[in-house]
Amino acid sequence: MPAHRNPPEVDRVAAARAAVAARRARAAVKAQVASGERSALEVARAAWSDEDLPAEKSLRVRDLLTSMSGIGPARAEAVMGELRIAPSKRLGGLGTRQRTALADWLAARGRKRGASKLVVLAGPTAVGKGTVSAHIREHFPDVNLSVSATTRKPRPGEVDGVHYYFVDDAEFDRMIRDRELLEWAVVHNSYRYGTPRPPIDRALDAGDKVMLEIDLQGARQVRDAMPEAVLVFLLPPTWEELVRRLIGRGTESAEEQARRLETAKVELAAQDEFDVRIVNSDVGTAAREVVDLFSAP
Ligand SMILES: Nc1ncnc2c1ncn2[C@@H]1O[C@H](COP(=O)(O)OP(=O)(O)OP(=O)(O)O)[C@@H](O)[C@H]1O
Ligand SMILES: Nc1nc2c(ncn2[C@@H]2O[C@H](COP(=O)(O)O)[C@@H](O)[C@H]2O)c(=O)[nH]1
């Protein structure tokens, strides 16, 4: 061994210290993104610059994505698949095509989350969409809740023009024909539901916040018609809790409950199509998380 070399254990200690310092530096970058101090796009651009920024360059893409609000591990994995970036990739190790794809994706998401006054709340049956919406109606009066048209009959306590516009089939046909609906769908294989477009356009033109509480088929149509909308998927804490809520609500027959739960399985598998996922463990917390999206950076 040459005289100037450190003994191996000294090298190992130095390497371990360097690894810990590097991990801490990466954690600090992630915390900056999570707190909104730096955008994910800024961090990515820094990693691709000529500057000596080892924390940014060695940050895994997956860790950058999961530092962003509303992105969990499953969503990060789906985005990376979409962008064709391998799960283990670090920012500094991306090729030109991958850098462009990631930068475009981050920029589009930033635009969307910064500008949108339109939030769409969807999710499986009985997850609590109606309950969370009712909480928002009561506690956040600056959020305009869209009133849908439906061909189903009012339930006790439901008021025409407040909970829904209750219309017959002929009127619903007319609304479709006259292009008055932003989206519509047959929900739970039974009745038609649709979002009247004129009130939404008026509210958005006035700079007001608008929220739609609709089913998955409708959410996909809104995404296509108004790409600036932020799509939220409301999740139950567990599958068992979803079943408990559906049965506990007691508004469907056993046969209908079974049918809805089959549909719920398919819908839960589509959650990665959404911009944001929120778990409805506590109604007030979930409602606040939805409302926060109107001012998300
Ligand atoms: N965070 C929560 N904790 C416990 N129970 C809840 C919570 N949120 C909603 N619930 C209950 O779950 C049941 C279903 O809620 P709700 O009717 O709002 O669901 P939904 O998603 O609108 O259903 P659907 O799509 O079938 O109309 C209700 O009995 C409601 O009180
Ligand atoms: N596609 C749409 N779905 C809607 C709309 N309004 C409500 N809904 C969804 O329907 C079911 C059932 O509602 P319920 O009041 O009969 O229990 C629920 O999942 C709603 O989200 C709409 O305009 N478009």
Side-chain angles (χ1 to χ4, degrees), residues 118-138 144-167 171-172 175-176 180-200 210-226 229 231-253 256-268 270-271 274 278-290:
L118 180 59
V119 169
V120 177
L121 183 65
T125 187
V127 68
K129 300 179 296 295
T131 308
V132 169
S133 297
H135 187 95
I136 291 173
R137 189 195 306 273
E138 192 180 337
N144 290 267
L145 292 188
S146 162
V147 179
S148 299
T150 180
T151 56
R152 87 154 161 75
K153 298 282 171 275
R155 295 182 188 132
E158 285 184 333
V159 178
D160 187 41
V162 175
H163 298 96
Y164 283 103
Y165 295 108
F166 295 99
V167 300
E171 175 60 3
F172 204 92
M175 294 174 95
I176 296 172
E180 281 182 17
L181 298 178
L182 169 61
E183 59 71 39
W184 71 271
V186 176
V187 180
H188 301 312
N189 287 325
S190 42
Y191 298 102
R192 289 186 289 175
Y193 295 77
T195 304
R197 177 142 197 169
I200 306 244
V210 178
M211 195 185 99
L212 314 184
E213 185 245 300
I214 59 179
D215 90 318
L216 236 76
Q217 311 164 76
R220 290 182 178 125
Q221 294 172 48
V222 176
R223 181 185 58 199
D224 293 342
M226 304 183 89
L231 266 56
V232 182
F233 193 91
L234 201 62
L235 282 163
T238 60
W239 172 257
E240 290 71 27
E241 174 63 13
L242 184 74
V243 176
R244 243 191 316 276
R245 286 182 191 174
L246 178 63
I247 295 173
R249 185 172 66 182
T251 44
E252 285 78 27
S253 65
E256 175 63 14
Q257 286 169 357
R259 205 156 54 82
R260 286 189 181 215
L261 288 173
E262 280 310 305
T263 308
K265 283 183 195 154
V266 177
E267 292 179 336
L268 283 164
Q271 58 183 271
F274 284 69
I278 291 175
V279 179
N280 176 22
S281 301
D282 170 75
V283 176
T285 308
R288 158 60 70 188
E289 287 180 35
V290 172

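Only a predicted model underlies this, so the values are computations on that prediction, with no experimental measurement involved. Counting starts at 1 for both ligands and their atoms, in listed order.
The nearest heavy-atom contact from the protein to atom 6 (N) of ligand 2 is Ser148 OG, 3.0 Å. The protein atom (non-hydrogen) at minimum distance from atom 19 (O) of ligand 1 is Gly128 N, 3.2 Å. Protein heavy atom at the shortest distance from atom 24 (N) of ligand 2 is Glu183 OE2, 2.8 Å. At the shortest separation from atom 26 (O) of ligand 1 among protein heavy atoms lies Thr125 OG1, 2.7 Å. Shortest contact from atom 14 (C) of ligand 1 to any protein heavy atom: Ala126 O, 3.5 Å. With respect to atom 20 (P) of ligand 1, the closest heavy atom belonging to the protein is Lys129 N, 3.5 Å. Nearest protein neighbour of atom 8 (N) of ligand 1, counting heavy atoms only, is Asn280 ND2, 3.1 Å. Protein heavy atom at the shortest distance from atom 13 (O) of ligand 2 is Tyr164 OH, 3.3 Å. At the top of the distance list for atom 20 (C) of ligand 2, counting protein heavy atoms only, stands Glu213 OE2, 3.4 Å. Closest to atom 31 (O) of ligand 1, if we only count protein heavy atoms, is Thr131 OG1, 4.1 Å. Looking only at heavy atoms of the protein, atom 1 (N) of ligand 2 is closest to Asp215 OD1, 2.7 Å. Nearest non-hydrogen protein atom to atom 17 (O) of ligand 2 is Arg155 NH2, 3.1 Å.
Side-chain atoms of Asp224 and Gln221, non-hydrogen and from C-beta on, never get closer than 4.5 Å to each other. Side chains of Glu252 and Leu246 form a contact here, defined as non-hydrogen atoms less than 4.5 Å apart. In this structure the side chain of Val147 never reaches within 4.5 angstrom of the side chain of Val162, judged on heavy atoms.
Here the shortest heavy-atom pairing between Pro124 and Ala264 reads CB-CB, 3.8 Å. Residues Leu182 and Leu212 come closest through the heavy atom pair CD2-CD1, 4.1 Å. What you find for Ile278 and Glu289 is that their closest heavy atoms are CG2-OE1, 3.5 Å. Taking all atoms of both residues into account, the shortest heavy-atom contact from Val187 to Gln217 is CA-NE2, 4.4 Å. Taking all atoms of both residues into account, the shortest heavy-atom contact from Tyr193 to Phe172 is C-CZ, 3.6 Å. A pairwise comparison of heavy atoms in Arg249 and Thr251 identifies NE-OG1, 2.9 Å as the closest pair.
When heavy-atom distances to ligand 2 are checked against a 4.0 Å cut-off, His163 has no atom that comes that close, whether in backbone or side chain. Under 4.0 Å from ligand 2, not a single heavy atom of Glu252 appears. When non-hydrogen atoms are compared, ligand 2 lies under 4.0 Å from the side chain of Val187 (C-beta onward) but not from its backbone. Contact annotation for Arg152 and ligand 2: only side-chain heavy atoms (C-beta onward) come within less than 4.0 Å of the ligand.
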Report task. Kindly indicate, with the supporting measurements, whether the criterion salt bridge (charged side-chain N to carboxylate O under 4.0 Å, His left out) is fulfilled by Arg152 and Glu158. Result -> CA-CA 12 Å; Arg152 87 154 161 75; Glu158 285 184 333; 2.8 Å; yes

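Close contacts of ligand 1 with Ser281, meaning ligand atoms under 4.0 Å from a residue heavy atom, involve 1 (N), 2 (C), 3 (N). Of all atoms in ligand 2, listed by their number and element, those nearer than 4.0 Å to a heavy atom of Gly218 are 1 (N). In summary, the atoms of ligand 1 found under 4.0 Å from a heavy atom of Gly130, numbered by their order in the structure, are 18 (O), 20 (P), 22 (O). The contact set between ligand 1 and Arg260, taken as ligand atoms under 4.0 Å from a residue heavy atom, comprises 26 (O). Of all the atoms in ligand 1, the ones that sit under 4.0 Å from a non-hydrogen atom of Val283 are 1 (N), 2 (C), 7 (C), 8 (N). Interface of Lys129 with ligand 2, defined as ligand atoms under 4.0 Å from a residue heavy atom, comprises 19 (O), 21 (O).
Look at Glu256 and Arg259 and you find a salt bridge, because one of the NZ, NE, NH1 or NH2 atoms lies within 4.0 Å of a carboxylate O, short of that distance. Electrostatic pairing of Glu240 and Arg244 does not count as a salt bridge here, judged by no charged N lying under 4.0 Å from a carboxylate O.
An N or O contact shorter than 3.5 Å is missing between Ala185 and ligand 2 by distance. The shortest N or O to N or O distance between Tyr193 and ligand 2 is below 3.5 Å. Polar contact check, Glu158 against ligand 2: no nitrogen or oxygen pair lies under 3.5 Å apart.
Distance CE/Met226 to CG/Leu118: 5.5 Å, rounded to 0.5 Å. Rounded to the nearest 0.5 Å, atoms CG (Leu235) and CG (Asn280) are 9.5 Å apart.
When Arg245, His188, Arg249 are ranked by how near their heavy atoms come to atom 24 (P) of ligand 1, first place goes to Arg249.
Tyr191 does not count as a contact of ligand 2, since none of its heavy atoms falls under 4.0 Å from the ligand.
Panel note: side chain Arg245, backbone Val127; a donor-acceptor pair is recorded below 3.5 Å. Judged by distance alone, the side chain of Lys129 and the main-chain N or O of Gly123 form a donor-acceptor pair under 3.5 Å.
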